[in-house]
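The structure appears below as structure tokens.
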Amino acid sequence: MKIAVVGTGYVGLVTGTCFAETGNHVTCIDIDEKKVEKLKNKIMPIYEPGLDLLFERNIKQGRLEFTTSLAEGIKDAKIIFLALPTPPGEDGSADLKYILGVADDLGPLLNDYTVIVDKSTVPVGTAEKVTANIKKGAKVDFDVVSNPEFLREGVALDDFMKPDRVVIGTSSERAKKIMDDLYAPLVRQGNPIIVMDEKSAELTKYAANSFLATKITFMNEIANMCELVGADVDAVRKGVGTDSRIGKRFLFAGIGYGGSCFPKDVQALAKSAKEVDYDFEILTAVMNKNESQKMKLIDRIKAHYNGDLSGKTFAVWGLAFKPYTDDIREAPSLLNIKELLAAGAKIKTYDPEAMDNVKEVFGDQIEFCKDEYDAAKGADALLIMTEWPVFRTPDFGKLDNTLKSKLIFDGRNLYNTATMAELGYTYHSIGRATING
């Protein structure tokens, strides 16, 4: 099947590459000439484990192409995916200018019946708006389908190729048949294709991400309660997570969620609710709590040094908002670094993938190191911001000889508190007793 994907961001590249891998001919379209030229030269602009291998293979075998021309890219395409950014506006609502702009352009270019798919995360009612914009110039029949993505950065290939479910929002049997055929290779093991109306599909994506953000935030609240009453959040997590009604995932306490999806989608759903005069109170609480949770360690750091951080050097392990990605959008690490710099501290940092992106934010204000031990060398304390596997089992003997003092502020609860006590560390974590070495 001939497919076009408009937009070569994270969702667009994963979508295009994976559909090419299942035998379709895919053309990805982007107005950024430099980016398209890099893609043509097999230069991957994002980090996602395993994506580069599929990307190169499908380019080599002629199933994956790139262009800056919308007319050229959609020629003969049976399905056109819109994978365009929907950044939050000043009021928190999703900005649809890119999607609606392309919809305006698409109408006159359609030569035969086509399925146009909203793959971007969009508010309820977007399919209607896209349909109206395309209709202005269209001379042929078309259908607009909502097909939200549920990709987790770091495991996006598995999520796409082995989906828990595929959600398709359409009232058209013709479009449904085409979408069923497209996804058939990905659901052979019985993963459901759930067909619903367009508005329900649009709301499903916001509901899913907002629920997961709420689950994370609730566990962080429990962690804060644990600290006050002397309980251990890890024990509580296990007790709660083994309840089949709740499940084990998204129950790890820490310094809040970040990334491109949860913050934006929770905010957008809350704004959508306001537009229909509904006060989605729980989402307001989630947003407020998550912002304060990101700074959870700062108060402890300041308390440890009696409020004076001037001249102190901190090693920061991890910059990305989560492991297996170079994405730093809404990453707690950035807020913590800014606060420490403002207090007169120096920062040495290491992240396996995200340092180039952070250099664009801080420049030479902080020191970027070759590995985690180089970052720790001469530091007064270690801060852990991202739970990369490489940080989980460090050589503590080597760490002892690089840090000035055996002091760790762990925002991701990587280490066993009993082990930290045995090693003689002063160890601060989230929702667990502080170990005073």
| Does a salt bridge link D180 with K177, judged by any charged N lying under 4.0 Å from a carboxylate O? | no
| message | If only side-chain N and O atoms count, and only distance matters, is there a donor-acceptor pair under 3.5 Å linking D327 with Y10? | response | no
| query | Any sub-3.5 Å donor-acceptor pair from N413's side-chain atoms to I430's backbone N or O? | reply | yes
| task | Determine, stepwise, if the pair F280 / Y206 fulfils ring pair (Phe, Tyr, Trp, His ring centres under 6.0 Å). | result | CA-CA 13 Å; F280 214 140; Y206 279 127; over 10 Å; no
| task | Look at the side chain of T68 and the backbone N and O of E33, then say whether any donor-acceptor pair between them is shorter than 3.5 Å. | result | no
| field | V130: which of V144, L106, V145 passes side chain to side chain contact (heavy atoms under 4.5 Å, CB included) | value | V144
| said: If you define the side chain from C-beta out and look only at heavy atoms, does anything of K78 sit under 4.5 Å from K2? | reply: no
| said: Below 30° counts as parallel, above 60° as perpendicular, anything between as tilted: where do the rings of F391 and W317 land? | reply: parallel
| said: Just by distance, no angles: are the side chains of T22 and N24 close enough, under 3.5 Å, to form a donor-acceptor pair? | reply: yes
| task | With the side chain counted from C-beta on, respond yes when M179 and S172 share a heavy-atom pair under 4.5 Å apart, and no when they do not. | result | no
| request: Please tell me if the side chains of Y47 and N357 come closer than 4.5 Å, counting only heavy atoms from C-beta onward. | output: no
| field | Option passing side chain to side chain contact (heavy atoms under 4.5 Å, CB included) with D265 (candidates L283, T86, T121) | value | T121
| request: Check step by step if ring pair (Phe, Tyr, Trp, His ring centres under 6.0 Å) holds for F314 and F409. | output: CA-CA 10 Å; F314 294 98; F409 296 89; 7.2 Å; no
| query | Do Y373 and D395 have side chains that get closer than 4.5 Å, going by heavy atoms? | reply | yes
| message | My understanding is that only residues two or more places apart in sequence, or in another chain, count here; which of them pass ring-ring contact (aromatic ring centres under 6.0 Å, His included) with Y350? | response | none
| Do T204 and M196 come close enough that some side-chain heavy atom pair is under 4.5 Å? | yes
| request: Validate the cation-pi geometry between K119 and F81: distance from NZ or CZ to the six-membered ring centre under 6.0 Å, angle to the ring axis within 45°. | output: no
| said: By the ring pair (Phe, Tyr, Trp, His ring centres under 6.0 Å) test, which pairs, at least two apart or in different chains, include something from residues 105-164? | reply: F19-F160
| query | Do the two ring centres, one from F262 and one from F321, sit under 6.0 Å apart? | reply | no
| message | Quick one, R329 and K264 - any side-chain contact, counting heavy atoms below 4.5 Å? | response | no
| message | Are L39 and F55 packed together at the side-chain level, in the sense that at least one heavy-atom pair is separated by less than 4.5 angstrom? | response | yes
| query | Does the side chain of F362 come within less than 4.5 Å of K338's, by heavy atoms? | reply | yes
